[in-house]
Every structure is written in structure tokens, then in C-alpha cells.
Number of protein chains: 2
Amino acid sequence: MVSKTISDFYHKHRQELLYGVSLALLLFVLRWFELRFLILDHIIEIYVGAIALLFTGLGIWLAHKLTTPKVETRIVEREVYVTAGDEFTVNEPERLRLGISQRELEVLQLVAEGLSNQEIAERLFVSLNTVKTHSSRIFEKLEVRNRTQAVERARRLRLIA
Amino acid sequence: MVSKTISDFYHKHRQELLYGVSLALLLFVLRWFELRFLILDHIIEIYVGAIALLFTGLGIWLAHKLTTPKVETRIVEREVYVTAGDEFTVNEPERLRLGISQRELEVLQLVAEGLSNQEIAERLFVSLNTVKTHSSRIFEKLEVRNRTQAVERARRLRLIA
DNA sequence: TTTCGAGTCATACTTTCGGGTGATTTTGTC
DNA sequence: GACAAAATCACCCGAAAGTATGACTCGAAA
């Protein structure tokens, strides 16, 4: 119980402890040198300089180690314009009038989403040729010449969302 | 009011405070050792401690100043509902944001009407290649791969009618 | 004056689209 | 079962779309 607490404390404050211990050691060593060689008075400037440098480094190290990585989250809102309100329902009479089959409408929807024929084929688990056939028929029935016009027209007729 | 400020200060500067306290403790311990072992030159300890403290602070300050905050840009698409009846106006901010030129927008408009590149070229009295260049740039800027997706996206962003 | 963005055009190449035609299979209905 | 519509797939071929790269002009801004 106690050892766990101590262990936790150690893990949480390892940095601080390490720093404290190293600081103490350093001062001890310095003091030791000081006594050992009696050179204190002569090179006091160098001594202080060394201390300053060392502790500046330590400070930087500390800051890097201890500071939680500063992540500034910048949220950029991008407005997406959508027409309001009524959820979409297929204009069934129009679909029947034009003789567009269910499957064709399905393809048409995917065409409108900007998928290529190949992508549509994969999505519907059919061959590329099948998709082509469908889209060709759609173009005929909608009396258009390409997919862009087909989407345009289908939207106007409320055949797709 | 005041206690809140202090609390905030504590939470924000916990590391620094901890460091200060531990340094003080350390000095105290050193002083104790000093007395213990009859080390007399205690002024120098305080001096060195002060230097250390100062330059550690400097280091921390430096690190803080020099560290460029990591900026995480998060784009959030916000839906803006538009009433169906209003006449169209180009979303100019969006156009500028995406860096879409006036001419490109013009081409985009015609693409949306279902015209082929050749037809657009004739309409604008430019070459087919020019239209292709324009549309390619449009696709890049809208981050899409074909004209159908471009129209889809442009409509959502209210870049075209 | 240099620089830069916008617009223009070209060449070469790859990929996708769309038309035409025919065929087989599935499915629902009489 | 017969029939019809729907759905599936194939092959061919030309047209259109899209990519990559480079270059030239022009006018505005630095």
C-alpha cells in the first residue's frame, strides 16, 4: 500500500526528483572541488559562469521535459451551404413517366455524387459495362448527352437528392 | 476572487513553484550539511544557489520563448441553411479562400450547365486547351477529380448558382 | 526594374465516357 | 410455361475528359 504510493509518487514526479538529486550532486561536487583545490577565489568568474551556463541548460531541459507539449488548436469553421428543410423524396410520377428503372435511378444517384463508372461498378458489385449500359439508358431517357447534364436534369425533376 | 487567482496561478505554475520549493529545501539541506561538517563558507552557497535559481529561470524562460507552439488546424464544416427562394450571389469569401479566379469561376459555371469543354471554349472564345487548363486548376482548388464532383462541391459552397 | 498572378495556348499522353450492337440471365406476371 | 421488362455483361471504337509540363503575354504590385 505504502510502497505503491511511493512508487506512484516516483513515477509522477520522476523529473522533479531527478532534477533535485542531480542538483544536489552537482553542488556537492562543486563544493568538493572547491575544497580540494582551493581555487575558489581565483576563478570565481569562471565558476559562476559555469554554474550559470549549466543551470540555464538545466532550465531549458526542464522546460522541455516538464512542459506539456503546447498544442494550440485552431478551429477553422468552413461554412457548407445546404438548402434547408424538407428531406428528399423521389418524384415517383416523373420517374415512371420517363420509364427510369429503380436500378437506373440508383446509378444516377451515384453518378450525381461524382463517382466514375468504375467506382459505381465496384459500389454496386456489377461490371463496368453494366454501369455503362445503365447510364446510357439514363441519358436517353433524360434526353441528355453526358452525366453532368443528367445530374442537372435529374435534380430539377427531383429524381435525386 | 483572489483565491481563484491564486489557485489558477498555482495550477499554471506548479512546476516552477515546485522547483522553487525544492531549491529552497536543497539549500536548507546544504546549509545543514555545512553546519554539520563545519563548513564555514556559507555565503558562497547562497550565492551559487541564487545564480543557479536565476539561470534556471532564465533557461525556462528561454525555452518558453523559443518554443514555437504546435498549431493544429482543425477544419469544421458548419452547415448553413439557406432558404430556397433567395436569388443567387457568389460566396465571395469562399472563392477567395480557395483562390479561384474570376475566369475559373466562369468556366466552372459553364461546366455546371453541362457544356463540354469544346462548347465552353467556343462560348468563351478561347482554345480547348485553355478550358482544360482552367478546369484542371478548378479541380485542384476544389480538391476533386472530375467535373461532376466539382459542380457538386461548388454548389455546396455557393460558388455557382 | 523585377516579380508575380492570371490568362492564354500547346504538345503529348492516359484514362474515362458514351454510342452502337448484341447477348444472356433474372424476375415478375399472365 | 410463355412473355416482357429489367438487369446483366461483352466488344469495339471514337470522342471527350483529364494529367503533366512548359511557355508566352500582360498588367499590377513591390
Side-chain angles (χ1 to χ4, degrees), chain A residues 90-157 159-160, chain B residues 90-157 159-160:
Chain A
V90 178
N91 185 351
E92 200 62 16
E94 197 63 27
R95 186 181 76 82
L96 294 175
R97 191 180 72 78
L98 295 172
I100 294 175
S101 76
Q102 209 62 54
R103 194 60 158 173
E104 284 163 354
L105 196 65
E106 209 169 339
V107 171
L108 183 54
Q109 179 65 57
L110 296 178
V111 166
E113 289 175 20
L115 301 191
S116 69
N117 286 341
Q118 185 59 56
E119 288 169 330
I120 294 171
E122 284 160 15
R123 185 79 73 89
L124 297 180
F125 303 105
V126 296
S127 82
L128 173 60
N129 288 314
T130 303
V131 176
K132 282 186 176 187
T133 307
H134 282 315
S135 55
S136 278
R137 291 202 194 294
I138 293 168
F139 298 158
E140 281 176 25
K141 289 171 183 176
L142 288 178
E143 296 174 301
V144 296
R145 285 187 312 287
N146 58 54
R147 50 181 57 221
T148 312
Q149 288 181 349
V151 172
E152 176 78 4
R153 184 146 183 73
R155 275 200 211 288
R156 283 204 189 289
L157 298 174
L159 294 173
I160 57 177
Chain B
V90 177
N91 185 349
E92 198 62 14
E94 198 62 27
R95 185 181 76 81
L96 294 174
R97 191 181 74 78
L98 296 171
I100 295 175
S101 74
Q102 209 63 55
R103 193 59 157 175
E104 285 164 353
L105 195 65
E106 211 169 339
V107 171
L108 183 55
Q109 179 65 55
L110 295 177
V111 167
E113 289 174 20
L115 301 191
S116 69
N117 286 340
Q118 185 60 58
E119 287 168 331
I120 294 172
E122 284 160 14
R123 186 78 73 90
L124 298 180
F125 302 107
V126 295
S127 82
L128 173 61
N129 286 314
T130 303
V131 175
K132 283 187 176 186
T133 305
H134 281 317
S135 54
S136 277
R137 290 200 196 294
I138 292 168
F139 299 158
E140 280 177 26
K141 290 171 182 175
L142 289 179
E143 295 174 303
V144 296
R145 284 187 311 287
N146 58 53
R147 51 181 57 222
T148 313
Q149 287 182 348
V151 172
E152 175 79 5
R153 184 139 187 76
R155 275 200 212 287
R156 280 206 187 287
L157 297 175
L159 294 172
I160 57 177

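Every chain is numbered from 1, with letters handed out A, B, ... down the list of sequences.
Contact check for L142(A) versus L157(A): side-chain heavy atoms found under the 4.5 Å cut-off. Proximity of L105(A) to L159(A): side-chain heavy atoms (C-beta onward) are separated by under 4.5 Å at one or more points. Residues L110(B) and L124(B) meet the side-chain proximity criterion, which asks for heavy atoms closer than 4.5 Å.
One can place CD1 of I138(B) at 13 Å from C1' of dG7(C), the figure rounded to the nearest angstrom. Per the geometry, CD belonging to E140(B) stands 10 Å off C1' belonging to dA20(D), to the nearest Å. Summarising the geometry, the separation between NZ on K141(A) and P on dG19(C) is reported as 14 Å, rounded to the nearest angstrom.
Sorted by first and then second residue, the salt bridge (charged side-chain N to carboxylate O under 4.0 Å, His left out) pairs involving residues 102-117 of chain B (not counting sequence neighbours) are R103(B)-E106(B), E104(B)-K141(B).
With salt bridges taken as basic N to acidic carboxylate O contacts below 4.0 Å, one links R145(A) and E119(B). With salt bridges taken as basic N to acidic carboxylate O contacts below 4.0 Å, one links R95(B) and E92(B).
Taking every heavy atom of residues 90-102 of chain A and every atom of DNA chain C, no pair lies under 4.0 Å.
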Checking salt bridge (Lys or Arg N to Asp or Glu O under 4.0 Å) for the pair E94(A)/R97(A): CA distance, chi angles, key distance, verdict?
CA-CA 5 Å; E94(A) 197 63 27; R97(A) 191 180 72 78; 2.6 Å; yes

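For S136(B), there are no side-chain contact (heavy atoms from CB on, under 4.5 Å) partners, not counting sequence neighbours. By the side chain to side chain donor-acceptor pair (under 3.5 Å) test, R123(A) is found to be paired with no residue, residues two or more places apart in sequence or in another chain being considered.
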With the sugar-phosphate defined as primed atoms, P, OP1 and OP2, and the base as all remaining atoms, what B/S/- string results for nucleotides 8-18 of chain C, 5' to 3', for protein heavy atoms under 4.0 Å?
BBBB-----BB

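Over its full length, the helix from dT1(C)-dA30(D) to dC30(C)-dG1(D) turns its helical axis through 50°, comparing axes from the five pairs at each end and rounding to 10°.
Side chain to side chain, S127(B) and T130(B) meet the donor-acceptor criterion of an N or O pair below 3.5 Å.
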